[in-house]
Amino acid sequence: YMFHYVTENFNYFHFDKNKFEEAIKQLSFTKKIINLKKLKEMQNKKREINDNYVMLTFDDGTIDHYKYVYPILKKYNVTGLFFICSNLINRDILDIQFIHQLMSKVALDEIYSKLQKYLSENGIAIEKNSIVDNRLENWKEIYIKQLIQTILPQKHSKKLLRDLIKRYNISTNFNDYYMSIDNMLEMKEGGMEFGCHTSTHKRLSSLNEEKQYQEIRENMQLLYRYNLLTQQDILSLAYPFGNYNNSTIEILNNLKFDFAFSTKEEEIYEINKYELPRFDCNRLKE
């Protein structure tokens, strides 16, 4: 299972923190919640995978993972796997978190209109086929995210995002968004696992092989440096946006990663170690 935000009073896709405890309590009685070590053992022994086994994964290292998720997992004595980018250690706020905050406070149509006005004023034309489709999101949400994060040249994307943040009074305080290193070390001491989520949360297939390598290797080295990973840990990565290509898999193999997790939503019957699917719990229907 894949989680992002687990919180309350947030007008963007999230899993309600109170329902999260109910879900974990039920899972702890009805399923076998496993960690990376157990997954590796099952892979080595070629043990059959079925829906009795569950892994809990959490992307992006947002502050709610420490405030709400960790105490509940600890209470029920289960392990979570937390994928973090280098920004948590460098104390940088990723564009995607700003975008989520904007979308939680401002109607998509209004943000879309502001983007169109900016493009028109700056003589920028965007071809529709430059937007990568994703069935989990509506088209305007995809358009806004990809335009700001990937398609626009950085000088435009940074200015546009800065203007939107100022206009709609979006917080720029790092502590409002993410866990600290001390939070994560406490969680690791409490039995939680950590994995890589790249350095800057880019869509990996949009990068050449050298830049992909840098994104993954730098993130991995930083986690080792701050003891969020040790040589005894199973090495894993979650692809940002579930996005990767054959070069990504080659890089993971060369860096000796044990597992990588996608966003494909399907049951696992055999372990394809670099294409493990996950069900997105943040978009479940009530």
Q: When the aromatic ring centroids of Tyr178 and Tyr66 are compared, is their separation below 6.0 Å?
A: no
Q: Are Phe13 and Tyr5 close enough that their ring centers fall under 6.0 Å?
A: no
Q: Please determine, by modelled atom types, if His197 and Asp60 share a side-chain donor-acceptor pair under 3.5 angstrom.
A: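 Side-chain D/A pair, His197 to Asp60: present.
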Q: Can we say Lys159 and Asp163 salt-bridge, meaning some charged N sits less than 4.0 Å from an Asp/Glu carboxylate O?
A: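 The answer is yes: the pair qualifies as a salt bridge.
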Q: Salt-bridge test for Lys75 and Glu21: reply yes if a basic N is under 4.0 Å from a carboxylate O, no otherwise.
A: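 Between Glu21 and Lys75 there is a salt bridge, with a charged N closer than 4.0 Å to a carboxylate O.
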Q: With a 6.0 Å cut-off on ring centres, are His65 and Phe82 close enough?
A: yes
Q: Is any side-chain N of the basic residue among Glu41 and Lys38 closer than 4.0 Å to the acidic one's carboxylate O?
A: yes
Q: Would His201 and Phe241 count as a ring-ring contact (aromatic ring centres under 6.0 Å, His included) if you check the C-alpha gap in whole Å, the side-chain angles of each, and the deciding distance to 0.1 Å?
A: CA-CA 8 Å; His201 205 277; Phe241 310 103; 4.7 Å; yes
Q: I'd like to know if Tyr68 and Tyr70 are part of one continuous hydrophobic network [Ile/Leu/Val/Met/Phe/Trp/Tyr, side-chain heavy atoms within less than 4.5 Å].
A: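 Looking at the clustering, Tyr68 is in a separate group from Tyr70.
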Q: Are any of the side-chain nitrogens in Lys40 or Asp258 under 4.0 Å away from the carboxylate oxygens of its partner?
A: yes
Q: Given salt bridge (Lys or Arg N to Asp or Glu O under 4.0 Å), test Lys264 with Glu275 step by step and report yes or no.
A: CA-CA 8 Å; Lys264 293 174 184 174; Glu275 295 183 295; 3.5 Å; yes
Q: Between Phe98 and Tyr177, is the ring centroid distance below 6.0 Å?
A: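 Aromatic pair counts; centres sit under 6.0 Å.
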Q: By the definition side chain to side chain donor-acceptor pair (under 3.5 Å), identify the one residue from Gln101, Glu141, His4 that meets it with Tyr12.
A: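 Testing Tyr12 for a side chain to side chain donor-acceptor pair (under 3.5 Å) against Gln101, Glu141, His4 leaves exactly one candidate, Glu141.
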Q: So among Asp233, Asn227, Leu229, which one has a side-chain contact (heavy atoms from CB on, under 4.5 Å) with Lys188?
A: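 Exactly one option meets the side-chain contact (heavy atoms from CB on, under 4.5 Å) with Lys188, and it is Asp233.
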Q: Does the ring of Tyr112 carry Lys140 above it, NZ/CZ under 6.0 angstrom from centre and within 45° of its axis?
A: yes
Q: Regarding Arg217 and Asn254, do their side chains bring together a donor and an acceptor under 3.5 Å, going by distance alone?
A: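 No - no donor-acceptor pair under 3.5 Å links their side chains.
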Q: Quick one: do Tyr244 and Tyr274 satisfy ring-ring contact (aromatic ring centres under 6.0 Å, His included)? Show the steps, please.
A: CA-CA 10 Å; Tyr244 62 97; Tyr274 294 146; 9.6 Å; no
